[in-house]
Protein chains: 2
Amino acid sequence: MKKVTINSVAEYAGVSKKTVSRVLNNEPNVSPATREKVLKVFEELNYKPNPIARGLAQNRSFIIGCLYDNPSKSYITRVQSGALEACQKHSYNLLIHPCELRGQDLIDNVEQLLTTSRLDGIVLTPPFSDSNELIAFLKQRNIPYARVASAIEGDDSISIRSNDEQGAFELTEHLINLGHTEIAFIKGHPDHSATENRFSGYQKALAKHGIEYRERLVAEGNFSYHSGADSAKAILDLEPRPTAVFASNDYMAAAVLKLATQREIKVPEQLSIAGFDNAPIARHIWPGLTTIAQPVEEMTRIAVEELIKHIAQPQEAPFQQVLEAKLITRESTKARSNS
Amino acid sequence: MKKVTINSVAEYAGVSKKTVSRVLNNEPNVSPATREKVLKVFEELNYKPNPIARGLAQNRSFIIGCLYDNPSKSYITRVQSGALEACQKHSYNLLIHPCELRGQDLIDNVEQLLTTSRLDGIVLTPPFSDSNELIAFLKQRNIPYARVASAIEGDDSISIRSNDEQGAFELTEHLINLGHTEIAFIKGHPDHSATENRFSGYQKALAKHGIEYRERLVAEGNFSYHSGADSAKAILDLEPRPTAVFASNDYMAAAVLKLATQREIKVPEQLSIAGFDNAPIARHIWPGLTTIAQPVEEMTRIAVEELIKHIAQPQEAPFQQVLEAKLITRESTKARSNS
DNA sequence: ATACAGTCTGACACCGGTGTCATAATGTCG
DNA sequence: CGACATTATGACACCGGTGTCAGACTGTAT
């Protein structure tokens with residue numbers, strides 16, 4: 001099998017390289033007859049353009065980078081799956097790059113990535129999507145980027161997020177409607193903007209229903225299962241014990257459930273537990289977790305699609321969208337017992 | 001900031017492009033003085049070679065592809081994390097490509113991937129690592145590849161696997177030593193070689209201890225949580241009910257635990273449950289799952305490292321290794337009660 | 001018929017590196 | 001000291017595409 005290049009196609013079709021290139025890129029100013037002829041030769045010779053040569057000439061790589069630093073593996077998996085869908089649709093490839101927000105030289109690390117890979121664009125997932133420093137760097141270097149679940153408002157770049165505050169508000173209201181008033185809350189990682197938003201939704205729902213906010217009911221987590229376990233311990237040791245716990249993600253909620261079960265506290269009869277994200281684990285355990293479904297895949301898919309659009313044709317008005325979060329009720333929440 | 005290319009370096013250092021290229025690639029036949037001089041200019045100008053141009057000239061991409069089709073997200077995460085470690089160490093990038101083994105044109109799909117991305121090598125994870133068809137294709141196309149957890153023996157290519165049979169044998173023996181004789185087994189996906197190996201370890205342990213193998217105790221799963229739930233139903237409906245269940249992975253074991261808990265069957269008092277893999281979920285639920293720790297990250301890391309070595313310098317003897325699996329006991333298994 | 005705009009096409013340089021080969025500089029040995 | 005092997009270096013083509021620009025070929029208005 002000989003290699004089929006643009007030269008062989010040109011020769012075979014009896015036209016110049018450049019004309020072949022024009023057909024390849026759907027450029028105007030090619031007569032229909034010529035276009036037809038070249039396309040036929042593509043078929044005949046089964047020609048595939050070499051992306052590397054193309055990249056060299058156009059200074060592009062057709063690769064999108066995805067930055068992440070997230071303790072929740074399932075979140076990453078969902079992010080990847082959305083990003084991959086968009087990439088595959090547009091013949092881009094996805095390069096994954098885990099790194100640490102608090103690493104001593106995040107900027108150096110990203111610079112290194114950019115010089116070794118010449119990415120066409122970068123998707124920032126939390127907590128990077130909230131890093132002003134990183135965003136300033138990318139802007140200065142003129143690298144297209146899209147923010148997923150970012151709370152930064154002033155930046156005129158692509159941004160897709162879901163309504164975390166609204167979701168947390170609805171979930172809290174759900175618990176209140178079940179008769180709960182002692183609702184503990186486990187916060188997420190302080191570097192993530194979702195943490196503040198979810199917390200604020202919780203507080204607003206309490207306020208709306210005239211329930212006093214009590215700081216002792218709030219524990220500091222960081223979205224990891226482990227931090228959930230620590231918070232669970234603090235909360236379940238409280239006297240009197242709250243009748244409901246709202247954890248900022250499903251992993252931490254699972255940790256609460258584990259400890260409660262260990263201590264033979266009946267869920268949901270004696271304790272209602274709710275999470276956030278609708279991660280797989282929410283339905284893999286018993287009782288299933290009431291949670292807020294966050295469209296992680298979709299957010300990322302849209303972000304990457306818009307990023308690719310933007311790379312092909314930089315526009316004035318960057319795409320920004322807020323998706324709705326949705327309440328999913330399962331067995332882990334129940335009306336408060338009148339004991 | 002002006003672009004620093006090999007030309008500017010050459011000019012600045014007062015040598016030819018080619019000599020710069022020699023220094024870049026650590027080629028011999030450069031005088032120490034010249035090498036020194038050029039290296040200093042690298043520093044001074046902060047020169048980074050353009051990987052795309054390099055790729056074009058050498059017909060390489062510095063990208064490793066990772067093929068997967070696995071219902072277990074946590075498995076994929078672990079695979080990626082091992083592969084990434086090796087890639088980053090050697091300045092390669094990782095491109096992830098999910099696709100379906102049973103898809104109508106797996107070969108076409110992979111061919112497409114190869115023509116659009118010019119991968120330098122491919123890591124095959126289960127079930128692709130057992131696909132003779134795919135392996136034959138890669139061999140014919142002369143694409144370097146490494147197999148992770150493959151059972152194919154004749155193929156002289158890089159292969160890293162763990163001892164599934166031994167692991168399953170030990171786990172089964174552990175249950176037997178606890179007094180169990182009615183041990184149900186949930187098989188994995190038939191396309192994965194691990195499925196047969198784990199099953200065989202189970203059978204051999206029974207045989208060694210003179211316990212009759214009974215087909216009615218065996219359910220067909222496919223490694224997904226969902227299939228575990230179906231199998232769990234079949235097994236827990238058996239009369240008499242087995243006193244232990246060994247599921248071929250932790251997800252399916254979690255499904256058994258969920259159903260048992262729903263039916264108020266006490267684990268481990270009335271039913272011992274064990275899984276395989278030591279996935280995160282094994283310690284995120286209560287009771288924690290007794291399982292076999294499989295070094296997924298390490299297997300993949302080694303596979304990718306060897307693959308990169310092989311790309312740089314094709315050797316005669318391909319690297320092959322079998323890693324040990326290790327028993328992890330948690331709360332989900334217990335001595336059979338004498339009721 | 002002439003002028004002129006618009007459409008089509010190809011020659012050629014270029015992207016930023018590497019491979020091949022010729023030649024210059026140096027070292028070794030009889 | 002001359003003959004020869006070895007080391008060091010650069011000129012140049014090449015990888016497989018794209019950008020620029022000039023020129024040929026239309027069609028239309030004057």
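Note on naming: letters A, B, ... go to the chains in the order of the sequence lines (proteins, then strands), and numbering restarts at 1 for each one.
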Would you mind reading off the distance between R118(B) atom CZ and dG17(D) atom C1', rounded to a whole angstrom?
-> 11 Å

Across the strands shown, which category fits V20(B) at heavy-atom distances under 4.0 angstrom: base, sugar-phosphate, nothing?
-> nothing

Rounded distance in Å - CG (N29(B)) to P (dT20(C)) | 14 Å

With a 4.0 Å cut-off on heavy atoms, is P28(A) in touch with a base, just the backbone sugar-phosphate, or nothing at all?
-> nothing

How many Å lie between CD1 on I6(A) and C1' on dG10(C), as a whole number?
-> 13 Å

Would you tell me if any nitrogen or oxygen in the side chain of S31(B) comes within less than 4.0 Å of OP1 or OP2 on dT9(D)?
-> yes

Parallel, tilted or perpendicular, as decided by the 30° and 60° cut-offs, for the rings of F223(B) and H192(B) = perpendicular

In whole angstroms, how far is the C1' atom of dC8(C) from the CG atom of N26(A)?
-> 16 Å

Looking only at side-chain N and O atoms, does T34(B) come under 4.0 Å of OP1 or OP2 in dT9(D)?
-> yes

Do we see a donor-acceptor contact under 3.5 Å between the side chains of S150(A) and R161(A)?
-> no

With a 4.0 Å cut-off on heavy atoms, is N59(B) in touch with a base, just the backbone sugar-phosphate, or nothing at all?
-> nothing

Give a yes/no answer on whether the side chain of K18(A) brings an N or O atom under 4.0 Å of OP1 or OP2 in dT20(D).
-> no

Contact nearer the 5' end of DNA chain C, comparing R22(B) with I52(B) | I52(B)

Electrostatic pair D130(B)-R147(B), nearest N-O below 4.0 angstrom | no

Along DNA chain D (nearest heavy atom to each residue), the more 5'-positioned of P32(B) and A57(B) = P32(B)

Verify the contact: side-chain N or O of T5(B) to OP1 or OP2 of dG16(C), cut-off strictly under 4.0 Å; return yes or no.
-> no

Rounded distance in Å - NZ (K17(A)) to P (dC15(C)) = 14 Å

Please give, in whole Å, the distance from dT9(D) C1' to E11(B) CD?
-> 18 Å

Roughly how far apart are S129(A) OG and I160(A) CD1, rounded to 0.5 Å?
-> 11.5 Å

Starting from C1' on dG19(C), measure out to CZ on R60(B) and report it in whole angstrom.
-> 14 Å

Rounding to a whole Å, what distance do you find between L56(B):CG and dT18(D):P?
-> 12 Å

At under 4.0 Å, does any side-chain N or O of S16(B) touch on OP1 or OP2 of dA11(D)?
-> no

Taking only the side-chain nitrogens and oxygens of Y47(B), find out if one of them lies under 4.0 Å from OP1 or OP2 of dG17(C).
-> yes

Calculate, to the nearest 0.5 Å, the distance between atoms NE2 and CD1 belonging to H310(A) and I158(A) respectively.
-> 5.5 Å

Indicate, with a heavy-atom threshold strictly under 4.0 Å, whether N50(A) touches base, sugar-phosphate, or nothing.
-> sugar-phosphate

Give one of base, sugar-phosphate or nothing for N7(A), where a contact means two heavy atoms less than 4.0 Å apart.
-> nothing

Return no unless some side-chain N or O of R54(B) is found under 4.0 Å from OP1 or OP2 of dT18(C).
-> yes

State whether T19(B) places a side-chain N or O below 4.0 Å from either non-bridging phosphate oxygen (OP1 or OP2) of dT9(D).
-> no

Can you find a side chain N or O atom of N25(A) that sits less than 4.0 Å from OP1 or OP2 on dT18(D)?
-> yes

Under the criterion salt bridge (charged side-chain N to carboxylate O under 4.0 Å, His left out), which of E85(A), E298(A), E297(A) is the partner of R78(A)?
-> E297(A)

